[in-house]
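Structure record follows, encoded as C-alpha cells.
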Amino acid sequence: MGLVTALAGIAASQLVTAVLRTRVTPVQAVAESVIALTPGPVAEALIHVVGRNDKPILVAGVTVVVVLLGVAAGLLAGRRPLLGQLLLAALGVVALAAEVSRPGFTPVSVLPLAIGVLVWVVVLDFLTTAARARPTLVESRRRFVLGVGGVAVAAVLAGAGGRFVGQARRTVESARRSLRLPVSRGAVPQGASPPLPGVTPWRVANADFYRIDTALVVPAVDPAQWRLRIHGMVDKEVTLTFEDLLKRQLTQAWVTLCCVSNPVGGDLIGNAWWSGVRVADLLAEAGVHADADAVRQTSHDGWTCGTPVEALTDGRNALLAVAMNGQPLPLEHGFPVRMVVPGLYGYVSATKWVTDLEVTRFERFSAYWTERGWSPRGPVKTESRVEVPRNGAQVRAGSVRVGGHAWAQHTGIAYVEYRLDGGPWTRADLGRVPGRDTWVQWSGTVHAGGGGHTLTVRATDRSGYTQTAARADVVPNGATGWHRVDFSAA
Ligand SMILES: Nc1nc2c(c(=O)[nH]1)N[C@H]1C(S)=C(S)[C@@H](COP(=O)(O)O)O[C@H]1N2
Ligand SMILES: [Mo]
C-alpha cells in the first residue's frame with residue numbers, strides 16, 4: 001500500500017514536470033541537492049571523476065529511498081493514519097527545500113511536487129480507509145484490491161507519460177537540427193596522425209568526446225531564448241542574443257580540452273575543431289576596467305567558474321563556441337553556446353550553456369569547484385600518455401611499435417621521450433600540429449625480448465619544462481607523474 005502510494009506520487013510529479021516543462025523533477029532536485037551538499041574535496045573528486053555515471057545511480061538511489069519511506073508511511077498508516085500522512089508531508093518539505101535551492105527555481109517549479117504530495121496523501125488515505133473496512137466482507141476486499149491495482153496502473157501510465165509528453169529536450173533538439181551555421185568541419189592537418197593503429201584519433205568525434213558536468217538533466221536551452229549578459233567591472237553592459245552572436249566575426253580553431261580530474265594516463269581529454277566568437281572582442285566592446293582580473297562565468301544550470309581576464313584577452317583563441325567539429329554543439333557539450341579557452345582546464349574556463357559573464361576580481365567570489373577544494377586557477381599541466389601497447393597487452397617479441405599523445409596546450413610540446421624498462425630515453429617521432437593549442441601524437445619503436453616489460457613516456461614543452469616523475473593527485477590542480485604501461489612479449 002505504501003509502495004503503491006510512493007510510486008503514484010513520484011509518477012504524478014514526473015507527469016506534471018513534463019507537462020509544465022520545469023527543469024527538473026522533484027526527485028532530480030533532491031538528487032542535485034545531494035551532489036551540492038556532499039562535503040569535502042574527496043567526495044567531490046569522486047563525483048567529478050565518475051562524471052556521467054553518478055547521475056542515474058544517484059537519481060535511482062533517491063527514488064529507492066522515497067519508495068522505502070513510502071512503504072514505511074504505508075505501514076504506519078495501517079495503525080496510525082495521521083503519522084503516515086505526517087511522514088509523507090515531511091518528505092514533501094525536504095523535496096521543497098531541495099527545489100528552492102536549485103538554479104532556475106520559479107514558483108511554477110513547485111507544482112509537480114505539490115501535486116505529487118497531494119497524490120500521496122489522497123492515495124494513502126483512500127487505501128487505508130479501504131483496508132480498514134471489514135476484511136470479512138468479500139465485497140470490501142475486492143474493492144481494496146481493485147483500488148490498489150487501479151492506482152498502480154495509473155501510476156505506471158503517468159510515469160510512462162512523463163517520459164514522452166512534450167519534453168523540452170525534444171523541442172531544443174529539433175531547433176538544433178534546423179540550425180544552419182556558417183562553419184566548416186575543419187581538415188585534420190596532414191601528418192597529424194602517424195600510422196599506428198590503436199591510438200585515439202587526432203580529432204575526437206562529438207559522440208566520443210568525454211563529458212564532465214554537474215547537470216543531472218542536460219539543460220535544454222532554446223537558442224531563440226538564449227541570452228549572454230556581460231557585466232560587472234565594465235564601461236557598458238552588453239547583452240547578446242544567439243543571432244547577435246552569429247553576426248560577429250567567426251573564428252575557427254583546433255583546441256584540445258581536458259579535465260583537471262584526468263588521472264595520469266586517463267582519457268578525460270579530447271581534441272576538436274571549434275567555431276565561435278572571440279571572447280576578447282566582446283570584452284573589448286564592454287570595456288573591461290583595468291583593475292579587473294577575473295571573469296565569473298555562470299551557466300544556465302547555475303554552475304560557475306572563474307577565468308583570468310588575461311587568458312581571455314591575450315590573443316589566444318578563447319572562444320564562445322557555437323559549433324564542434326562543424327556541427328552545432330551537442331546538447332551534452334553546451335548547446336547553444338559554451339566557452340573554450342586553450343591552456344586552461346575545463347573547470348576554470350569551459351562553461352557549457354554559458355549565459356553570464358561577470359567581470360570582477362578573483363578575491364571577490366568563489367566558484368563551484370573552488371568551493372570544493374580545487375584551485376582558483378587551473379593552467380593545464382604538461383602531460384603525456386602511452387596508448388599502444390595497452391597496459392597488460394601481449395605482443396610479439398622483437399620490434400614493437402609504441403605511441404600515444406602528449407599535450408601542453410598554449411605552451412606547445414617540444415619533444416617526447418620514451419624508455420623501455422631501465423633503458424635510455426629515446427626521442428619519439430611527433431605528428432604535425434597546427435599550433436600550440438592541441439595535443440600531439442607521438443610514436444616510436446622498441447626492441448622487446450621475450451618476457452615482461454615496462455614502457456614509460458615523458459614530454460618536454462616549449463618552455464623547456466620536462467614532466468616531473470613526482471606523482472601528484474588530481475586535487476587541487478591536476479595530476480603529475482610519468483605514465484607507464486606493463487606488457488609482455490613472446
Ligand atoms: N555548465 C557547466 N559547464 C561545465 C561543467 C559543468 O559542470 N557545468 N564542467 C566543466 C568541466 S570540469 C569540464 S572538464 C568541461 C568538460 O566539457 P565537455 O563535457 O564538453 O567535455 O566542461 C566544463 N564546463
Ligand atoms: Mo573538468
Side-chain angles (χ1 to χ4, degrees), residues 23-24 32 35-36 38 41 44-55 102-104 200 203-221 226 228 255-263 266-274 276 295-307 318-325 327-357 367-381 383 407 409 439 474-479:
R23 195 179 65 84
V24 290
E32 282 194 350
I35 289 192
T38 308
E44 290 300 336
L46 197 73
I47 291 167
H48 202 163
V49 173
V50 177
R52 62 184 101 186
N53 302 329
D54 59 333
K55 290 148 197 171
R102 294 293 82 215
T200 309
R203 178 214 299 271
V204 177
N206 293 357
D208 300 332
F209 210 92
Y210 83 96
R211 176 186 164 203
I212 290 284
D213 56 64
T214 58
L216 276 168
V217 180
V218 176
V221 183
W226 179 85
L228 177 72
V255 177
T256 295
L257 179 63
C258 64
C259 182
V260 67
S261 289
N262 198 29
D267 57 8
L268 298 177
I269 179 166
N271 183 46
W273 174 253
W274 304 93
V295 170
R296 179 181 184 269
Q297 306 190 41
T298 308
S299 68
H300 179 76
D301 62 325
W303 185 82
T304 53
C305 77
T307 314
L319 299 180
L320 279 162
V322 295
M324 181 177 181
N325 289 324
Q327 297 293 321
L329 296 174
L331 266 60
E332 288 76 10
H333 294 288
F335 183 80
V337 182
R338 76 164 313 161
M339 183 89 83
V340 176
V341 184
L344 302 183
Y345 286 124
Y347 85 108
V348 291
S349 65
T351 310
K352 304 193 269 188
W353 318 288
V354 62
T355 57
D356 190 285
L357 301 180
Y368 188 90
W369 287 111
T370 56
E371 279 160 14
R372 290 160 174 81
W374 299 75
S375 304
R377 291 172 194 260
V380 166
K381 294 182 181 176
E383 286 183 71
W407 57 93
Q409 293 95 303
W439 61 10
V474 293
V475 185
N477 57 14

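Just follow the structure's listing: the first ligand is 1, and inside any ligand the first atom is 1. What you see is a predicted model, and the numbers here were worked out from it, not measured in a lab.
Contact check for Lys381 versus Asn477: side-chain heavy atoms found under the 4.5 Å cut-off. For the pair Leu357 and Met339, the minimum side-chain heavy-atom distance is below 4.5 Å. Here the side chains of Phe209 and Asn325 are not in contact, with every heavy-atom distance at 4.5 Å or above. Side-chain contact check for Trp374 versus Tyr368: every heavy-atom pair is 4.5 Å or farther apart. Proximity of Tyr345 to Cys259: side-chain heavy atoms (C-beta onward) are nowhere separated by under 4.5 Å. Under the 4.5 Å side-chain criterion, counting only non-hydrogen atoms from C-beta, Trp273 is not in contact with Met324.
For a threshold of 3.5 Å applied to N or O pairs, the pair formed by Lys352 and ligand 1 contains at least one separation below that value. Backbone and side-chain nitrogen or oxygen atoms of Arg338 are examined, and one is located within less than 3.5 angstrom of a nitrogen or oxygen of ligand 1. Considering backbone and side-chain N/O atoms, Trp369 never comes within less than 3.5 Å of an N/O atom of ligand 1. When only interatomic distances are considered, the shortest N/O to N/O separation between Tyr210 and ligand 1 falls below 3.5 Å. Where the criterion is an N or O separation shorter than 3.5 Å, residue side chain and backbone included, Ile212 meets it with respect to ligand 1. Polar contact check, Leu257 against ligand 1: no nitrogen or oxygen pair lies under 3.5 Å apart. Polar contact check, Asp213 against ligand 1: no nitrogen or oxygen pair lies under 3.5 Å apart.
The two residues Leu344 and Val380 make their nearest non-hydrogen contact at C-CG2, 3.5 Å.
Taking the six-membered ring where tryptophan is involved, the planes of Trp439 and Trp407 are tilted, since the angle between them lies from 30° to 60°.
Of all the atoms in ligand 1, the ones that sit under 4.0 Å from a non-hydrogen atom of Cys259 are 14 (S). Per-residue contacts place Ala350 under 4.0 angstrom from the following atoms of ligand 1 (heavy atoms of the residue considered): 22 (O), 23 (C), 24 (N). The contact set between ligand 1 and Tyr347, taken as ligand atoms under 4.0 Å from a residue heavy atom, comprises 11 (C), 12 (S). Less than 4.0 angstrom separates some heavy atom of Phe209 from each of these atoms of ligand 1: 21 (O). Within ligand 1, counting atoms from 1 as listed, the ones closer than 4.0 Å to a heavy atom of Ser299 are 1 (N).
With a heavy-atom cut-off of 4.0 Å, Tyr345 does not touch ligand 1 at all. Residue Asp301 touches ligand 1 through its side chain alone, judged by heavy-atom distances below 4.0 Å. Heavy atoms of His300 found under 4.0 angstrom from ligand 1: none, in either backbone or side chain.
In this structure, Tyr347 OH and Cys305 SG are separated by 10.0 Å, a value rounded to the nearest 0.5 Å. Rounding to the nearest 0.5 Å places OH of Tyr210 at 8.0 Å from CG of Asn262.
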